[in-house]
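In what follows, chains carry the letters A, B, and so on, assigned in the order in which the sequence lines appear, proteins first and then strands, with residues in each chain numbered from 1.
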Protein chains: 2
Amino acid sequence: MTPESMDLVFHALASRARRAILDIVRDRPGCCVQEVCVHFDVSRIMILKHLRILEEAQLLVLKKAGRKVELYFNAVPIQMIYDRWTSEYSSYWASKLVDFKMLLESEPKKPPPSPSSHPRKLKQHEPK
Amino acid sequence: MTPESMDLVFHALASRARRAILDIVRDRPGCCVQEVCVHFDVSRIMILKHLRILEEAQLLVLKKAGRKVELYFNAVPIQMIYDRWTSEYSSYWASKLVDFKMLLESEPKKPPPSPSSHPRKLKQHEPK
DNA sequence: GTCATAGGTAACTAAAAGGTTACATGTTGC
DNA sequence: GCAACATGTAACCTTTTAGTTACCTATGAC
């Protein structure tokens, strides 16, 4: 898996709306765009854009069928990321987590000292 | 895991730079901000912003130590997402993938018909 | 044919994210 | 003390993303 395609997958998954679309399509294999749209408040055009992003990440397969488009979920990219991460991060999987008890004992963040501590300005600009 | 915290994790992982930071810190537990900065071309301030985002997603733990800040990787959020996804998507894990041979046989995308098919404009705006 | 339905694209606006410089505080070495 | 170093943050600019409306094509029902 190239870094570029991995970027596409992570980016596609970063949006809650897109993850929700994946959930819907996974539960309704072969459903069309309209069926996805009814679950959202945003416009159909926005859903289309999300679908393209998911398609480019190969998380969805779009298959034209007459005037409809059938949607299918593809788990392969997620599996590939999982495979890479479990091997790279294997030593952290449920083992080294013990140390975090120690880390969490560090002092809590201090509140800011005063509301007008250092007022600065780089450049003036027009108010709207 | 709340949808909000899951959003934070996915968003944090969506940036290639932030994933690279995670790789560095995982390989050098307890390293400081400077040690991370030398691996990147962007400014230290940008690295700081990335570190805050990773901290908010609880993928990193920042521990103040004198004038330095020690960085530690935390795999727990990734594990939680993995646990959720493997249970929700279990039926897709290395099984239903067979069907995709059929899906990939659908016709390839047609190239656009002509370069000046429907020139339209909603509103005029100033040229730079 | 014709009309409703499913999908597609261009053009635009607003908000968020990625990036910078300038300047500030707190800690360590000497 | 004081200089050098590590970190923190405000203010700003630029690029990307999320969202819209308007309009177009293609298909299916009749």
Contact check, residues 35-43 of chain A vs DNA chain D, heavy-atom distance under 4.0 Å, returns Val42(A), Ser43(A)
With the side chain defined as heavy atoms from C-beta on, Cys32(A) is closest, among dT21(C), dG7(C), dA11(D), to dG7(C)
Over all strands shown, is Arg18(B) touching base, sugar-phosphate only, or nothing at heavy-atom distances under 4.0 angstrom?
sugar-phosphate
Any sub-3.5 Å donor-acceptor pair from Arg18(B)'s side-chain atoms to His50(B)'s backbone N or O?
no
Using only modelled atom types and a 3.5 angstrom limit, is any donor from either the side chain of Lys64(A) or the base of dG7(C) paired with an acceptor on the other?
no
Rounded distance (Å) that lies between atom P of dA17(C) and atom CG of Leu51(B):
17 Å
Counting only side-chain N and O atoms of Arg44(B), is one of them less than 4.0 Å from OP1 or OP2 of dT21(C)?
no
Does Ile45(B) or Ala17(A) map to a spot on DNA chain D nearer the 5' end, using the closest nucleotide for each?
Ile45(B)
Looking at Cys32(B), is its backbone amide N or carbonyl O close enough to the side chain of Glu35(B) to form a donor-acceptor pair, meaning the two atoms are under 3.5 Å apart?
yes
To the nearest Å, how far apart are Glu56(B) CD and dA16(C) C1'?
14 Å
Is the side chain of Asn74(B) donor-acceptor paired with the backbone N or O of Gln58(B) at a distance under 3.5 Å, no angle test?
yes
Any sub-3.5 Å donor-acceptor pair from Arg26(A)'s side-chain atoms to Phe73(A)'s backbone N or O?
no
Quick one: which of dA6(C), dT21(D), dA6(D) gets closest to the side chain of Gln34(B)?
dA6(D)
Could you tell me whether the phosphate oxygens of dT17(D), OP1 or OP2, come under 4.0 Å of any side-chain nitrogen or oxygen in His11(A)?
yes
Working to the nearest 0.5 angstrom, can you tell me the gap between Ile47(A) CD1 and Cys37(A) SG?
5.0 Å
Which whole-number value in Å describes the distance from Glu70(A) CD to dG7(C) C1'?
14 Å
How many angstroms lie between CG in Asp83(A) and CD in Gln79(A), if you round to the nearest 0.5 Å?
6.5 Å
Does any donor-acceptor pair link the side chain of Arg67(A) with the base of dT5(C) at a separation under 3.5 Å?
yes
Length of the line joining Leu54(A):CG and dT17(D):P, which is rounded to integer Å:
14 Å
Distance from Leu22(A) atom CG to Leu54(A) atom CG, nearest 0.5 Å?
5.0 Å
Below the 4.0 Å mark, does dG19(C) have OP1 or OP2 next to a side-chain nitrogen or oxygen of His50(B)?
yes
Report the distance from atom CD1 of Ile47(B) to atom P of dG8(D), rounded to the nearest whole Å.
13 Å
Hey, is the side chain of Lys68(A) pairing donor to acceptor with the base of dG7(C) inside 3.5 Å?
no
Nearest to the Ile53(A) side chain among dG8(C), dG8(D), dA18(D), which nucleotide is it?
dA18(D)
Write down the distance between CE (Met46(A)) and P (dT16(D)), rounded to a whole number of angstrom.
16 Å
How close or far is atom P of dG18(C) from atom CG of Asp7(A), stated in whole angstroms?
11 Å
Take the protein atom CG of Leu48(B) and the nucleotide atom P of dT20(C), then report the distance between them rounded to whole Å.
12 Å
Quick one: CE on Met1(B) to CG on Leu8(B), what's the gap to the nearest 0.5 Å?
8.5 Å
